[in-house]
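The chains referred to below are lettered A, B, ... by the order of the sequence lines, with proteins before strands, and numbering in each begins at 1.
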Amino acid sequence: ETGVTQTPRHLVMGMTNKKSLKCEQHLGHNAMYWYKQSAKKPLELMFVYSLEERVENNSVPSRFSPECPNSSHLFLHLHTLQPEDSALYLCASSQAVGQFRDTQYFGPGTRLTVL
Amino acid sequence: KQEVTQIPAALSVPEGENLVLNCSFTDSAIYNLQWFRQDPGKGLTSLLLIQSSQREQTSGRLNASLDKSSGRSTLYIAASQPGDSATYLCAVKDSGSRLTFGEGTQLTVNP
């Protein structure tokens with residue numbers, strides 16, 4: 001596989017469930033990102049990891065818990081979500097954080113529905 | 001706080017027409033500006049990236065311009081095709097890792 005992959009592509013969960021989203025990048029990048037895309041809203045940056053260390057956390061509720069075990073994998077653990085958390089969750093990777101010419105490459109996203 | 005606005009929110013044109021999408025941003029202290037394409041239910045594909053020192057970038061039928069001092073960028077699409085139908089997103093990058101996105105312009109090119 002090439003580029004950035006995300007699984008699952010679609011997820012429906014109840015408010016009491018625990019689930020995880022997975023992202024994998026095959027580009028040899030050192031930075032990975034989670035974004036949330038809600039209807040009628042711009043993409044919102046949630047978390048940034050550089051070399052497996054979290055470098056940015058944008059006031060995201062604790063019911064979202066990221067994990068980056070290595071530079072190729074990024075997870076988003078979900079628990080006790082709310083219906084308003086339903087959105088498209090996009091993962092991205094880039095060569096490094098903060099580089100002048102850095103371009104982020106996006107995965108196809110996970111469409112999450114919380115019932 | 002950086003804010004990015006895209007106009008129009010939606011656009012429908014006949015095939016073959018040339019068109020312009022607009023993006024404006026409030027804080028001119030940016031590293032670069034990027035235009036992305038997003039197909040329904042899919043991720044983002046980078047189209048063009050303009051560094052803050054550049055005025056424009058071209059790729060095929062696409063041309064993006066940047067006027068950093070006025071906080072504006074345009075994406076020009078020449079000879080539009082039905083396959084160009086998608087949502088086009090503008091994003092600016094500040095000194096850190098943050099990309100700030102606009103809400104996008106939903107383009108429909110009718111055969």
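The heavy-atom pair separating A:L90 from B:G43 by the smallest distance is CD2-CA, 3.8 Å. Between B:G102 and A:P42, the shortest heavy-atom distance links the atoms O-CB, 3.7 Å.
Note that CG of B:L99 is 9.5 Å distant from CG of A:L43, once rounded to the nearest 0.5 Å.
No more than 12 heavy atoms of other residues, nucleotides or ligands sit less than 6.0 Å from atom CD of A:E53.
There is a path of hydrophobic side-chain contacts, each under 4.5 Å, that joins B:V4 to B:L11. A:L88 and A:L76 fall into different hydrophobic clusters, where Ile, Leu, Val, Met, Phe, Trp and Tyr residues are linked whenever their side-chain heavy atoms come under 4.5 Å apart, directly or through other members. B:L33 and B:I77 fall within the same hydrophobic cluster, defined by Ile, Leu, Val, Met, Phe, Trp and Tyr side-chain heavy atoms under 4.5 Å apart, directly or through other members. In the hydrophobic cluster analysis, where Ile, Leu, Val, Met, Phe, Trp and Tyr join through side-chain heavy atoms closer than 4.5 angstrom, B:F101 is grouped apart from B:W35.
Inter-residue side-chain proximity for A:Y35 and B:L44 is flagged as unmet; no heavy-atom pair is nearer than 4.5 Å.
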Output, in order, the C-alpha distance, side-chain angles, deciding distance and verdict of side-chain hydrogen bond (donor to acceptor under 3.5 Å, both in side chains) for A:Q37 and B:Q38.
-> CA-CA 12 Å; A:Q37 187 177 33; B:Q38 185 175 28; 2.8 Å; yes
